[in-house]
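When reading the values below, keep in mind they use all heavy atoms of this one structure, side chains included, and skip hydrogens, waters and symmetry mates.
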Amino acid sequence: MATAQSPDIPQDPLAELATADVQQQAARLAQEAFGAAFRLGMESDETVREARLARIADGLREWTGMDTREGSTLRMAMMLAGLDQWGLAYAPLYGAGALTGLSLLLDDLRSGLGEDGEVHCQVRLTTLQEDEGAALAWKIALRRGIHLALWHTMIAAESQEDALALARHLRGLLLALDKGMPQLGWRLVADVLANVQILCLAHGLAATGVAQEANQWLFANLAEGLPKAQRDRIMAHATEAVLAWQASRSRTD
């Protein structure tokens with residue numbers, strides 16, 4: 001996947017508490033936990049569902065606890081925020097009822113914090129929300145996972161109506177991301193677009209039919225929704241990342 005860096009990215013104020021590798025791992029674990037919780041939300045046997053969700057929560061707590069107190073608090077904050085962002089991205093498509101498993105998982109994780117732990121965790125959650133550069137590696141990996149998962153669903157849709165509905169939803173999420181992070185949102189959007197292009201080139205995805213139409217619609221209408229300066233910056237960075245991937249691939253062939 002694309003990982004090109006930009007010289008105007010500020011230093012992460014949380015890097016000493018969580019390296020880029022730890023931040024990316026937090027994003028991956030949140031994605032895996034969301035997927036499992038989403039599937040378990042459809043489990044009709046409540047006893048089975050609760051037992052399996054409890055095991056997931058215990059595993060996440062074990063991972064978040066593998067650090068100093070401050071590092072563990074940040075890990076838990078990234079986990080809670082990551083799961084929450086997955087839920088926010090999927091709720092408009094599937095409805096709150098389909099996210100029952102996620103809600104139960106989040107309740108389990110929060111209830112295990114205790115009053116003191118909840119206060120400290122909220123401080124980290126506030127930092128993650130208000131400081132765009134805080135845990136930037138986590139933010140990039142998290143949003144990449146969310147948007148690529150939706151993109152894969154989009155190109156797998158059988159009907160034009162379903163594919164374009166997903167494209168509109170994805171476009172809205174990307175525009176909101178750029179607007180919600182005025183300084184660094186462009187970087188996250190560029191990462192997603194670069195990885196979409198790389199997936200298409202590497203595996204021949206979205207090359208024909210409904211998938212191609214939806215993908216073309218997404219790129220064209222996303223570009224129209226961005227201010228020109230921001231659009232040019234995003235597209236330039238995405239292109240640079242794709243070219244770097246192509247060069248790397250050529251060297252290994």
Side-chain angles (χ1 to χ4, degrees), residues 1-2 27-28 30-43 81-103 105-106 138-181 185-227 230-231 234-235 237-239 241-242 245:
M1 291 297 172
R28 288 193 299 271
Q31 179 169 358
E32 292 169 3
F34 171 78
F38 186 77
R39 292 187 293 272
L40 284 170
M42 304 174 193
E43 171 63 59
L83 289 169
D84 190 55
Q85 287 189 42
W86 274 95
L88 289 172
Y90 272 69
L93 296 173
Y94 298 97
L99 300 178
T100 300
L102 175 64
S103 297
L105 177 59
L106 284 169
W138 166 76
K139 290 173 180 174
I140 291 173
L142 177 71
R143 301 307 302 197
R144 180 192 304 158
I146 292 171
H147 295 134
L148 289 185
L150 290 169
W151 181 80
H152 277 288
T153 304
M154 180 193 81
I155 65 170
E158 295 184 0
S159 73
Q160 180 188 61
E161 181 182 1
D162 288 345
L164 290 179
L166 283 158
R168 286 191 291 271
H169 180 58
L170 187 49
R171 173 185 181 270
L173 289 176
L174 290 168
L175 290 176
L177 179 59
D178 180 65
K179 184 177 181 180
M181 295 178 65
W186 70 270
R187 176 63 180 81
L188 279 68
V189 174
D191 177 88
V192 173
L193 297 185
N195 279 285
V196 164
Q197 292 177 75
I198 288 170
L199 285 168
C200 290
L201 291 170
H203 305 291
L205 301 179
T208 60
V210 170
Q212 182 185 50
E213 182 180 348
N215 200 47
Q216 289 175 344
W217 186 97
L218 173 63
F219 271 76
N221 285 273
L222 177 62
E224 287 183 4
L226 291 165
Q230 198 74 331
R231 178 175 68 244
I234 288 170
M235 296 306 178
H237 187 81
T239 299
V242 172
W245 170 81

Who are the side-chain hydrogen bond (donor to acceptor under 3.5 Å, both in side chains) partners of W138, not counting sequence neighbours?
-> none
Considering non-hydrogen atoms only, spot the tightest contact between I146 and A89 and give its length.
-> CG2-CB, 3.6 Å
Would you please name every residue forming a side chain to side chain contact (heavy atoms under 4.5 Å, CB included) with A33, sequence neighbours left out?
-> I56, L60, L83, L105
W151 and N215: side chain donor to acceptor below 3.5 Å | yes
Specify the closest pair of heavy atoms between V210 and A157, including all atoms of both residues, with the distance to one decimal.
-> CG1-O, 4.0 Å
Where is the tightest heavy-atom contact between G225 and R171, given as atom of each residue plus distance?
-> CA-NH2, 3.7 Å
For F38 and L102, what are the C-alpha separation, side-chain angles and deciding distance, and is it a side chain to side chain contact (heavy atoms under 4.5 Å, CB included)?
-> CA-CA 6 Å; F38 186 77; L102 175 64; over 6 Å; no
How many angstroms lie between atom SG of C200 and atom CD1 of I155, to the nearest 0.5 angstrom?
-> 6.5 Å
Atom pair CE (M181) and CG (L188), whose distance is rounded to the nearest 0.5 Å | 5.0 Å
How many angstroms lie between atom CG of L173 and atom CG of L88, to the nearest 0.5 angstrom?
-> 9.5 Å
L218 side, atom CG; Q216 side, atom CD - distance, nearest 0.5 Å | 11.0 Å
Residue pair F219 / L193, side-chain heavy-atom distance below 4.5 Å | yes
Any side chain to side chain donor-acceptor pair (under 3.5 Å) involving residues 158-170? Give me the pairs, sequence neighbours left out, ordered by first then second residue.
-> S159-D162, Q160-E213
Is the shortest heavy-atom distance from the side chain of L226 to the side chain of W186 under 4.5 Å?
-> no
Residues at least two apart in sequence or cross-chain that pass side-chain hydrogen bond (donor to acceptor under 3.5 Å, both in side chains) with Q230, listed by chain then number, are D178
Side chain to side chain donor-acceptor pair (under 3.5 Å): pairs with one or both residues in residues 82-100, sequence neighbours excluded | Q85-R143
Would you call D191 and H237 a side-chain contact if the rule is heavy atoms closer than 4.5 Å?
-> no
Rounded to the nearest 0.5 Å, what's the gap from CG on L93 to OG1 on T153? Could you check?
-> 8.5 Å
What distance separates N195 CG from I140 CD1, expressed to the nearest 0.5 Å?
-> 10.5 Å
Pair listing, side chain to side chain donor-acceptor pair (under 3.5 Å) test, anchored in residues 196-211, at least two apart | none
Heavy-atom nearest pair, I234 first then A190, reads O-CB, 3.6 Å
Evaluate the side chain to side chain contact (heavy atoms under 4.5 Å, CB included) criterion for residues R187 and K139: first the C-alpha distance (whole Å), next the side-chain angles of each, then the deciding distance (0.1 Å), finally the verdict.
-> CA-CA 10 Å; R187 176 63 180 81; K139 290 173 180 174; over 6 Å; no
How far apart are the closest heavy atoms of G87 and L99, and which atoms are they?
-> O-CD1, 3.5 Å
Do L177 and H147 come close enough that some side-chain heavy atom pair is under 4.5 Å?
-> yes
